[in-house]
*Asks:* 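Here it is: the structure, laid out below.
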Number of protein chains: 2
Amino acid sequence: MAARHEEIAEELRQAIDRGEYPVGGTLPTETELSARYGVSRGTVRQAVAALTAEGRIGSRQGARRVVLGNRRSQSFAELRSFAQWAHAMGRTATGRVLDQHRRPATLEDAEKLQIKPGDEVLQVLRVRGLDGEPVLLERNVYAAWMADSVERLPADCISVVQALYEDIGMIFAYGEHVIDAVAAGAEDARLLEVRRGSPLLRIRRVTTTPAGRPIEWSDDRYVSGTVSFTVANSIGSNPLARQAGQA
Amino acid sequence: MAARHEEIAEELRQAIDRGEYPVGGTLPTETELSARYGVSRGTVRQAVAALTAEGRIGSRQGARRVVLGNRRSQSFAELRSFAQWAHAMGRTATGRVLDQHRRPATLEDAEKLQIKPGDEVLQVLRVRGLDGEPVLLERNVYAAWMADSVERLPADCISVVQALYEDIGMIFAYGEHVIDAVAAGAEDARLLEVRRGSPLLRIRRVTTTPAGRPIEWSDDRYVSGTVSFTVANSIGSNPLARQAGQA
DNA sequence: GTCATCGACTTGTTCGGACAAGTGATTCCC
DNA sequence: GGGAATCACTTGTCCGAACAAGTCGATGAC
């Protein structure tokens, strides 16, 4: 089912987790791996490239690959969907829609969703909880062509992403995230049950379909101390970037 | 000098920036690109894979690649080095060492730097500024084998990374970053000239050499509103991961 | 008009080969 | 003993080919 190079990548991940290749040690050579799995060297290279991109192994020309860590990172689905992530962590996610209404698109909406100002959009305000505690305040704006499907969802829908996939086969494929910290405003504080001015981790995000069409943008605010984000990068690939801020 | 696939990737980046391939439009096919650049299809695929990893283009089997955005992301050097990043943004970076002393490694130090508890480490406290305003408080812990070189640096050294490279050829190759938000403590507030309790964006990081040997770990706290971080991800690759927090 | 089928086109996977470039341990010379 | 040269090994780059799998518009049936 899965491509052979993905299978090999997964086997290597598990071998690292098992301690078969200890942190700080080296991986077998490409030639040895291709012999062991009965594939060509190119296929092995695709597999190890995946682990390199995840930051689990380091690679230098001329030297064997080094195991950097055995941290397990979440899949895209788990990153995008709060519910799926919580489930993978063995925690219970809750969710509740506090407000939901259609309105004309502002200039900001139009730019982010690649639509015209004044076009209808659907704004949704949700609170998400983890094991009963509210930890996340979500402000979403959906493009008009998504609005009907979103409105049909129950107010206490746990996983919006999964529900939309099951209903209309919608797939969230690409995301761009901007991360910073803000103080809780009056509304934030009330809904998240924290003091006004408490630090919140803010993630602003635009999500698109596999074809590159923007689906929604979102302003997520996490209560400090409940959730953190990790990024691995290397001299060869750097997914994370720093930006000077205008508030 | 540079590999052909890197040259092609850069040419494609520039073509996107020029608007030659508008956002929302499609890229030429692999066959056409290989003919245009006179290389094999495999080389073209290496080039577009780089752009895909950066989140600039989207890719689906069977359909032409789609241009998702023309944001320019910083290089690893610019991510790792505050000074190089500031320079690339056209701003002026400052830096000042407030405290610097050797001490035995705690359990936390030992785990992160892969050394034994009690081994000597060098702890450094720095304030970094942007155009005169203090924006970042850095608490670094260096492994002993780096300590001498770091101590030789002047207290107002602008770019530690670059200085270490020029002095001893040290290269910072891999990094793992954990991102969350915290309230400014008494010391944080005094040194960053903000009110106590102000939201700070915290990045904890471990950096290693190309061979996977830990160099240092660091706790960076940014004043809210001055700097933000961006991450692009896709269903095929997700550098960013969410983690449940223990403070 | 709507829907299913078809077919040209495009990307994904995998192979096998060749050479370039860098690493690391050994050897050798001084 | 210290340092330079050597050399086997390993990863990086690139080629050319073939087939699988998915997309998208056109065609045709109902």
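Keep in mind that this is a model prediction, so the values were computed, not measured.
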*Asks:* Provide the start and end nucleotides, 5' to 3', of the part of DNA chain C that has atoms under 4.0 Å from heavy atoms of chain B.
*Replies:*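 Reading along DNA chain C, I get C:dT10 to C:dT13.
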*Asks:* Run the side chain to side chain contact (heavy atoms under 4.5 Å, CB included) test against B:Ala63 and tell me which residues pass, sequence neighbours left out.
*Replies:* B:Arg60
*Asks:* Heavy-atom nearest nucleotide on DNA chain C for A:Arg4 versus B:Gly62: which residue maps closer to 5'?
*Replies:* B:Gly62
*Asks:* Which residues pass the side chain to side chain contact (heavy atoms under 4.5 Å, CB included) test with A:Arg139, not counting sequence neighbours?
*Replies:*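 In terms of side chain to side chain contact (heavy atoms under 4.5 Å, CB included), with neighbours along the sequence ignored, A:Arg139 is linked to A:Leu125, A:Leu137, A:Glu187, A:Asp188, A:Asp219, A:Arg221.
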*Asks:* Taking side-chain hydrogen bond (donor to acceptor under 3.5 Å, both in side chains) as the test, write out the residues that go with A:Glu138, two or more places apart.
*Replies:*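 A:Glu138: side-chain hydrogen bond (donor to acceptor under 3.5 Å, both in side chains) contacts with A:Arg126.
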*Asks:* By nearest heavy atom, map B:Thr29 and A:His5 onto DNA chain C; which one lands nearer the 5' end?
*Replies:*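 Counting from the 5' end, the first nearest nucleotide belongs to B:Thr29.
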*Asks:* Suppose we screen for side chain to side chain contact (heavy atoms under 4.5 Å, CB included). Which residues come up paired with A:Ser149, at least two apart in sequence or across chains?
*Replies:*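 Applying side chain to side chain contact (heavy atoms under 4.5 Å, CB included) to A:Ser149 gives A:Arg152, A:Leu164, A:Ile168.
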*Asks:* Would you jot down, in residue-number order, the residues of residues 36-50 of chain A having a non-hydrogen atom under 4.0 Å from DNA chain C?
*Replies:* A:Gly38, A:Val39, A:Ser40, A:Arg41, A:Thr43, A:Gln46
*Asks:* Go through the structure and list residues passing side-chain hydrogen bond (donor to acceptor under 3.5 Å, both in side chains) with B:Gln100, not counting sequence neighbours.
*Replies:* none
*Asks:* Applying side chain to side chain contact (heavy atoms under 4.5 Å, CB included), name anything that partners A:Thr26, two or more places apart in sequence or on another chain.
*Replies:* A:Arg64
*Asks:* Sequence neighbours excluded, which residues qualify as side-chain hydrogen bond (donor to acceptor under 3.5 Å, both in side chains) partners of A:Gln61?
*Replies:* none
*Asks:* Name all residues meeting the side-chain hydrogen bond (donor to acceptor under 3.5 Å, both in side chains) criterion together with B:Glu6; count only those two or more places apart in sequence or in a different chain, and write none if there are none.
*Replies:* none
*Asks:* What are the bounds, 5' to 3', of the part of DNA chain D that sits under 4.0 Å from heavy atoms of chain A?
*Replies:* D:dT10 to D:dT13
*Asks:* Please tabulate, for side-chain N and O atoms in residues 114-121 of chain A, each donor-acceptor pair with protein atoms closer than 3.5 Å (sequence neighbours left out).
*Replies:*
unit_1: A:Asp119; atom_1: OD2; unit_2: A:Lys116; atom_2: N; d: 3.3
unit_1: A:Glu120; atom_1: OE1; unit_2: A:Arg102; atom_2: NH1; d: 2.9

*Asks:* Using a heavy-atom cut-off of under 4.0 Å over every strand shown, decide if B:Ser59 touches base, sugar-phosphate, or nothing.
*Replies:*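 The residue B:Ser59 makes sugar-phosphate contact but no base contact.
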*Asks:* Between B:Ala63 and A:Pro28, which has a closest nucleotide on DNA chain D that is more 5'?
*Replies:* A:Pro28
*Asks:* Using only atom types and a distance under 3.5 Å, with no angle test, would you say the side chain of B:Asp109 pairs donor to acceptor with the backbone of B:Thr106?
*Replies:*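 Yes, B:Asp109 side chain to B:Thr106 backbone: donor-acceptor pair under 3.5 Å.
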